[in-house]
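First comes the structure, then the notes that go with it.
Chain identifiers are assigned alphabetically (A, B, ...) following the order of the sequence lines, protein sequences preceding nucleic acid strands; residue numbering begins at 1 within each chain. Not measured: the values here are computed from a predicted model.
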Amino acid sequence: MTDTRPEAQDVVLRLNNITKRFGALTANDAISMQLHRGEVIALLGENGAGKTTLMNILFGQYTADEGTVELFGAPLPPGNPRAALAAGLGMVHQHFTLADNLTVLENIQLGTVPLWYAGLGRARARAKLARLADDFGLVVDPDAIVATLTVGQRQRVEILKALYRDARILILDEPTAVLTPQESDALFETLRRAVASGLSVVFISHKLHEVMAISSRVLVLRHGRLVGEVATRDTDRHALAALMVGAEITPPKLTPLTPGPALLRLRDVSTRDQGTAPGLKSVTLALRAGQISGLAGVSGNGQSALSDLISGLITPQSGGLELPETPPRWTPRAAVAAGIARIPEDRHKTGTIADFSLTENAILETYAAPPYSKNGLMNWRAAEAHTRHLIDTYDVRCPGPSGPIRQLSGGNMQKLILGRALELSPKIILANQPVRGLDIGAITYVHGRLLAARKAGAAVLLISEDLDEIIGLSDVIHVISEGRLSPEFERGQLTAAELGLWMAGQGFTHAA
Amino acid sequence: MRLEPIANPSLARRLGFPALALAATVIIASLLAALAGAEPFGTLGLIVKGAAGSKFALLETLNRATPLIFTGLAIAVAFRAKLWNIGAEAQLYAGAIVTVILGTSALSGMGGFALPIMALGAMVAGAVILLGPVILKTRFGVDEVVTTLLFNFIMILLVSYLLEGPMKDPMGMGWPKSAPLDRDLRLPRIVTGLRLHWGFALALISAMLIWLVQTRTTLGYEMRAVGQNPQAARFAGIPVNLVLVKTALLSGGLAALAGFSEVAGLKGHLSLDLSPGFGYTGIIVAMLALLHPLGVVVTAIFVAGIFVGADSMSRAAGVPTYIADMLLATALLLMVLAIGLTKFRVVRG
């Protein structure tokens, strides 16, 4: 990369002590950073580290509780997306924001032509687009319908869209997540040309090799704090991995238990890809009684497929799912009947029905049988009694069982879901991101319950993107990457940094 | 400007905005009447008088409300489960066809059993009509708004064919209508001499039953869960597609009862003007009632009153009866807006 000293260059973007809190959670804690003209900086961090919040503040989607943003030396008014765009910020989102049924040119012009403007200025737009495409090596047919383009071409259109609006700072959010390696290389080439002509780029990623390849400086975020800022040439992947996941973590005391028999086995299971999310690729896994199996991995690498499979939502395409008594049809109801407690990843969309009362939510999995339902009639008295029991036993803070569940905080909602599942004395517990977005108190509570279930002989599968959580709670750890499952590692066998490399896709023997 | 959800809307908010919508409807309707060259408030007065000003008027309104309660219930049940049944008109006619077939031939002389069998037959026909679209939806993801809507046209053409062909009344002097039901296969009047038949009572009972189904039965719970959040319902193990099929059977059956009640209670035969769009007006009825089955009874009577009142007003004041449609459309749009405003507040910036 460029060897010029950043200090000598113009500062185009400056964040001063940005702090943003969501309730008890501090998403950004006094973050300061600078971006210079003609450089690529990488913003590195796990999911939930605060990258997205920071960019949303920059773009005026959120207002920072403290701190200021300066663009090209002028303060940026907070909470005003239009001002950010006008000042020359351009964002390329991970999920494209293109209209599939319009042409490239129409997409690029979309939103730039005033409503009462006579004519569309097509010719002028076409000329400008041709010039940009030439300058940056972004060759796309302006008259192609977006639906016919490949993912890589669509991303080029997104970048052109930003450049067309005269962006001088490009922010790319996980741009390579959906690209093939060849497309990624082409993207990097484009970015090099962009910075050479004076643009500045913020590259958000958690893929270490890409960060090493493209950036001149790396900023590492962790739990909302800026934990490291290094010149790329002075660091390496191992050091970055350690920074990203936090170096040595002292795990909570796990009383050693002798694991019991396997209660659920996956043998060579593959499942279908779902959109851009990969399915499982020949996964073999055993969940044993009295053991917590941790599943580490970067988001979107097959966790959903594994979770959906064990939840009963999908069936294996090949391979076998084995339980002591394997039911004839694998459905969510069969999974519950087989003694699987399921804590879904998204408690708002999947775990609960927002406008239903606590009572109606508490019996979602068990409503069809007595005592809640007899001869097609509901016994609401029994349901409410059960809900009161859950509220007391699992310390759900709420106005009462008949209010809608959407009024509850995330922690209390999760406690009700936890209670709903654990009251069935499950043999297997699937906990997918059980503490995401919760405050410390609720996290401790949920973890305590999982550890108690382990002690009582349940087999627990803990899926999390927070490596600390995995390392702290798991007896054995698997890493998932692009649908492939790593071998089983014993507790303490690998360091966080080593796990980080597996998470980045190293060490797998078969191709994805 | 953007909308910000309100967590717990106050009672004043929940009552105030709908009341405001009603007031605005009256004002706009008055302006429309004035535009038509009539004296605004007098016109509205005539509508009220025509709808409820006498025993005769009131019974006429209740008669007109009867099919609207059935179609309103059909739509409320379906929409509650987010099954967009726009085809109540088709299901109504399916019910009417079967009512006439059973009521003109097979069942004469069966006495007390005949009417329930006709009603049941009508319900089965309506349910079957909706079954196709719902299976297309659950199996292939075909949008049921389109398929159920298209069924309305198919049914109207089918009825037209039947009335010109196989079901044409040989004594009908060439008019496209069916043979009349046997005298003893008609729904009797509730009070002798007054033009209100037992179909109205059946509609009230249906509304009560549907309310009980939704609040007390397992199926009701499933239907609400599927409507509110199909993803969570599926995750929890609720058989979403099966619930949709059951919902469709119930909804189609209810709409078909409108056809049964109109034929057996009022007209006595099948004709192409059996329904002046009861299936579509049922959507307005259900929406105004916020999909509540008991609310459907109230809004159906309200909507029927506007139609009946506008008919009578039109004769007296010379304002076209189309004002009834405009009044209803205005009321519906403003009510939807008002319901939105009870849940969201408008924020600048």
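- Side-chain contact between Thr352(A) and Asn229(B) is absent, with no heavy-atom pair separated by less than 4.5 Å.
- We find the CZ-OG distance between Arg234(B) and Ser311(A) to be 10.0 Å, quoted to the nearest 0.5 Å.
- Of all heavy-atom pairs spanning Ser373(A) and Thr218(B), the tightest one is OG-OG1, 2.6 Å.
- Ring planes of Tyr221(B) and Trp380(A): perpendicular class, angle over 60° (limits at 30 and 60°).
- The candidate with the highest count of non-hydrogen atom pairs below 4.5 Å against chain B, out of Ile363(A), Asn379(A), Asp308(A), is Ile363(A).
- Annotation: Trp84(B), atom CH2; neighbour count of heavy atoms from other residues, nucleotides and ligands within 6.0 Å is above 12.
- Other residues, nucleotides and ligands contribute only 12 or fewer heavy atoms inside 6.0 Å of the NZ atom of Lys427(A).
- One finds the CG atom of Asp355(A) at 11.0 Å from the CZ atom of Arg224(B) (value rounded to the nearest 0.5 Å).
- Counting heavy-atom pairs under 4.5 Å between each of Glu360(A), Lys374(A), Glu365(A) and chain B puts Glu360(A) at the top.
- Between the CZ atom in Phe235(B) and the CD atom in Glu345(A) there is a gap of 10.5 Å [rounded to 0.5 Å].
- More than 12 heavy atoms of other residues, nucleotides or ligands lie within 6.0 Å of CZ in Arg333(A), so this atom counts as buried by the packing criterion.
- Heavy-atom distances place no part of Thr366(A) under 4.5 Å from chain B, backbone and side chain included.
- Residues Tyr367(A) and Ile238(B) form a side-chain contact, since some pair of their non-hydrogen atoms from C-beta on lies under 4.5 Å apart.
- In this structure, Met378(A) and Arg216(B) have side chains that are not in contact, with every pair of non-hydrogen atoms separated by 4.5 Å or more.
- Shortest non-hydrogen contact noted between Pro332(A) and Ala236(B) is CB-C, 4.4 Å.
- Within the 4.5 angstrom heavy-atom criterion, no atom of Thr331(A) approaches chain B.
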